[in-house]
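Scroll down for the structure; my scribbles are underneath it.
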Amino acid sequence: MNEEALTQSSKDEFILINIVEDLVKSTVDHAMKEIDMCQCKKCHLNACAIALNSLPTKYVTTTKGTLLAEIGFMNTAFQFEVIVQVSKALKIVKEHPLH
Ligand SMILES: [Zn+2]
């Protein structure tokens with residue numbers, strides 16, 4: 001199988017994802033850089049874990065190529081709730097880094 005075929009098949013493959021997890025990860029990624037705190041992978045994931053434990057899950061079946069489109073369907077109120085929980089999580093990790 002050549003490289004192009006691999007890329008094509010993985011893009012069309014159906015996957016089950018929690019779109020809240022995706023949204024939280026990218027929100028943490030952006031928000032962390034604005035804050036004077038440890039930028040390591042462990043702190044990033046700890047903040048994601050804390051925020052995700054405070055939010056409901058939202059699983060969807062999708063293909064890898066359409067992830068961003070799915071996130072676009074989330075309403076503004078929910079996106080605001082994600083930002084609130086991510087801010088709280090980053091504050092906790094900043095004050096008590098687990099390493
Ligand atoms: Zn760290």
Side-chain angles (χ1 to χ4, degrees):
M1 198 188 284
N2 64 33
E3 217 169 281
E4 201 175 316
L6 272 172
T7 310
Q8 191 58 41
S9 66
S10 73
K11 205 180 171 192
D12 293 339
E13 186 189 329
F14 278 97
I15 50 167
L16 179 68
I17 60 147
N18 174 6
I19 52 174
V20 177
E21 184 181 327
D22 240 59
L23 186 63
V24 164
K25 279 180 179 167
S26 64
T27 306
V28 167
D29 198 45
H30 287 118
M32 251 180 116
K33 289 171 187 159
E34 307 292 320
I35 300 172
D36 177 27
M37 63 178 283
C38 176
Q39 303 286 319
C40 82
K41 183 83 180 167
K42 188 170 184 185
C43 287
H44 177 265
L45 291 176
N46 282 336
C48 289
I50 294 165
L52 283 166
N53 283 335
S54 315
L55 291 161
T57 52
K58 189 169 167 63
Y59 280 95
V60 294
T61 307
T62 186
T63 54
K64 286 179 182 174
T66 56
L67 285 188
L68 288 174
E70 296 284 351
I71 289 169
F73 285 123
M74 270 201 248
N75 65 48
T76 319
F78 187 74
Q79 291 185 17
F80 181 73
E81 181 62 18
V82 167
I83 290 165
V84 169
Q85 295 304 332
V86 164
S87 303
K88 281 186 192 172
L90 286 172
K91 191 169 184 288
I92 293 167
V93 173
K94 184 187 175 180
E95 287 167 8
H96 307 281
L98 299 173
H99 62 75

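Computed from heavy atoms alone, side chains included, the values below leave out hydrogens, waters and symmetry copies. One-based numbering, in listed order, for ligands and for the atoms of each.
Interatomic distance, CG of Asn46 versus CG of Leu90, reported as 11.0 Å (0.5 Å rounding). Atoms NZ and CG, on Lys94 and Asp36 in that order, are 5.5 Å from each other to the nearest 0.5 Å. Between the CD atom in Glu21 and the OG1 atom in Thr57 there is a gap of 10.0 Å [rounded to 0.5 Å]. Remark: Thr62 OG1 to Ile15 CD1 distance equals 6.5 Å, nearest 0.5 Å. In this structure, the separation between NZ on Lys91 and NE2 on His96 is 8.5 Å, given to the nearest 0.5 Å. Taken to the nearest 0.5 Å, the CE atom of Met32 stands 4.0 Å off from the CE atom of Met37.
Of all protein N/O/S atoms, those under 2.8 Å from the Zn ion (ligand 1) are Cys38 SG, Cys40 SG, Cys43 SG, His99 NE2, and waters are not counted.
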